[in-house]
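Written out below as structure tokens is the structure these notes cover.
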Amino acid sequence: MLQLDSHPSGRHFLQIPGPSPVPDRILRAMSLPTIDHRGPEFSALGLKVLAGLRQVFQTRHPVVIYPASGTGAWEAALCNTMSPGDAVLMYETGQFATLWQKMALRLGLVPEFIGEAGTDAATGLPLSWRRGVQAGLIEQRLRADSGQQIRAVCVVHNETSTGVTSDIGAVRRAIDAAGHPALLMVDTISGLASADYRHDEWGVDVTISGSQKGLMLPPGISFNALSPRALAAMASAKLPRAFWAWDEIVEMNKGGYWPYTPNTNLLYALSEALDMLLGEGLAAVFARHQRWAAGVRAGVKAWGLPIQCADPAVYSPVLTGVVTPSGVDADAVRRLIHQRFDLSLGTGLGKLKGRMFRIGHLGDSNDLTLLATLAGCEMGMKLAGVPLAGSGVQAAMDFFAAHPAPAALQAAA
Ligand code: PLP
């Protein structure tokens, strides 16, 4: 059990790919007094965060906020739009895609789980867990669905278990090329506010996201961004829903209120996070994560270890999966790093258990916290006897020195 009074001195390095380190500014905002959620002040807060979220999702349409983790928002997406027995096409990119597919089964849907077959020759790891969604496979399957029985295509934008992103615009084009009416549902729980994401432009019907990743909030709220088609689908969707039902929430949100007691202090946090992210500008936020990711990858490459994502075009800006040599239990290395250096790394999930660990580069981070993270990894791997080709810390230092952050250049000018 966590003993807060015996916590080691200094900063805990929370380098898992979410929950991400929360900026002090956001923690302070959360400590404001809780207010009446039916009172006049609340409406201003509600309207502000709903408008800000629309900017982050890059949509003109409603975004629903749930006092729930991302899993709840997954369920909301399905139960608001689908009926028992509906066929859904889901793409296997990793553990989170797998969990969403299991949820679809539990809800009484008929998910078809597709993906690239086979394993990668170099690592023996499943191919579909190393590359993004192959939109051609989706197009092929939809073309074969001559009776247009498939009601939705579900994909994960930033697969947190692997560090691989997917080209959502390409999935939209594949659906359109097949002339298929299926709804497009996208999980960007770990991509939002770190990786470029465009709900409207990419023609997404339901986008699912959460608070504890790029938005830099603690866990506890999650989102559905909707399209007009998704809202219309509610009328004929027969899966039971009450708490998750969009219609009442969207209606009450027009005045800045919710049909139930919203998560007031997390909404303060969200308001602060939106000020920070929109103040910086989304393009700058995305570029900052890309730069961090490139620095971390330079480190991993210098160690001579494979990156879980095998396609450089879809490297995640949010996290990097590090594959350990065969025979090395990546989880034992991860535990040793935690014990010795108070540094938490992401574990290998599902088919990758014991094969890799994940470094999160999101939330309240900077070049030096990422270098410290790489130092913890490097020291831990050396202690565990993992053979390394060179110093990842040195390579990352060289990268960050050679590629200064635009904000640092501005400050120096
Ligand atoms: N989908 C993705 C891509 C995730 O990364 C996660 C959590 O890490 C989830 C879904 C599940 O979200 P939650 O754990 O907040 O319920």
Side-chain angles (χ1 to χ4, degrees), residues 14-22 57 64-79 88 90-107 111 113 115 128-129 132-133 154-168 171 184-195 197 199 204 206-225 243-244 263 266 269-270 273 289 293 308-309 314-321 344-353 356-363:
L14 181 65
Q15 299 300 147
I16 58 176
S20 55
V22 180
F57 279 93
V64 171
I65 307 176
Y66 292 109
S69 84
T71 303
W74 263 348
E75 179 162 342
L78 295 174
C79 73
V88 288
M90 304 182 102
Y91 195 102
E92 181 178 356
T93 43
Q95 181 67 0
F96 289 102
T98 305
L99 292 177
W100 199 12
Q101 179 251 357
K102 286 190 176 150
M103 170 184 274
L105 274 173
R106 289 173 79 115
L107 288 172
F113 208 29
S128 71
W129 288 47
V133 170
C154 301
V155 293
V156 176
H157 171 231
N158 185 70
E159 179 52 80
T160 327
S161 63
T162 61
V164 181
T165 62
S166 284
D167 182 345
I168 303 304
V171 176
L184 172 58
M185 302 203 199
V186 180
D187 166 341
T188 191
I189 287 181
S190 60
L192 190 78
S194 299
Y197 189 83
H199 179 86
V204 182
V206 188
T207 299
I208 298 106
S209 194
S211 58
Q212 72 273 28
K213 315 270 186 180
L215 287 173
M216 310 181 290
L217 311 181
I221 49 179
S222 54
F223 315 100
N224 277 178
F243 177 74
W244 304 117
N263 213 326
L266 273 171
L270 176 57
H289 287 84
Q308 173 64 26
C309 178
V314 288
Y315 280 143
S316 170
V318 175
L319 75 141
T320 299
S344 292
L345 298 166
T347 182
L349 292 168
K351 294 180 181 175
L352 302 177
K353 189 163 172 41
M356 55 94 91
F357 61 85
R358 295 167 297 145
I359 303 174
H361 24 85
L362 72 167

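The analysis underlying the following values was restricted to heavy atoms, covering all of them including side chains, and did not include hydrogens, waters or symmetry mates. One-based numbering, in listed order, for ligands and for the atoms of each.
At least one donor-acceptor pair under 3.5 Å links the side chain of K213 to the backbone N or O of P17. Side chain of S344 to backbone of L14: no donor-acceptor contact under 3.5 angstrom is found. Judged by distance alone, with hydrogens and angles left aside, the side-chain atoms of H199 form a donor-acceptor pair with the main-chain N or O of V204 at under 3.5 Å. R358 places a side-chain N or O within 3.5 Å of a backbone atom of T160 that can act as its donor or acceptor partner.
Ligand 1 has no nitrogen or oxygen under 3.5 angstrom from a nitrogen or oxygen of W74. For the pair N158 and ligand 1, the shortest N or O to N or O distance does not fall below 3.5 Å. Below 3.5 Å of separation, one finds an N or O of G70 facing an N or O of ligand 1.
Within ligand 1, counting atoms from 1 as listed, the ones closer than 4.0 Å to a heavy atom of T160 are 2 (C), 3 (C), 4 (C), 5 (O). Taking every heavy atom of D187 and a limit of under 4.0 angstrom, the matching atoms of ligand 1 come to 1 (N), 2 (C), 3 (C), 10 (C). Atoms of ligand 1 found under 4.0 Å from any heavy atom of S69 (numbered from 1 in listed order, with element): 13 (P), 15 (O), 16 (O).
Using a 3.5 Å distance cut-off with no hydrogens or angles, the side chains of E159 and T93 do pair a donor with an acceptor.
No heavy atom of E159 sits closer than 4.0 Å to any atom of ligand 1.
The shortest contact between atom 11 (C) of ligand 1 and any protein heavy atom is with T71 OG1, 3.7 Å. Taking atom 8 (O) of ligand 1 as the reference point, the nearest protein heavy-atom neighbour is K213 NZ, 2.7 Å.
T71 is not listed as a side-chain neighbour of L99, based on a closest heavy-atom distance of 4.5 Å or more. Side-chain contact between T98 and F113: present, with at least one pair of heavy atoms (C-beta onward) separated by less than 4.5 Å.
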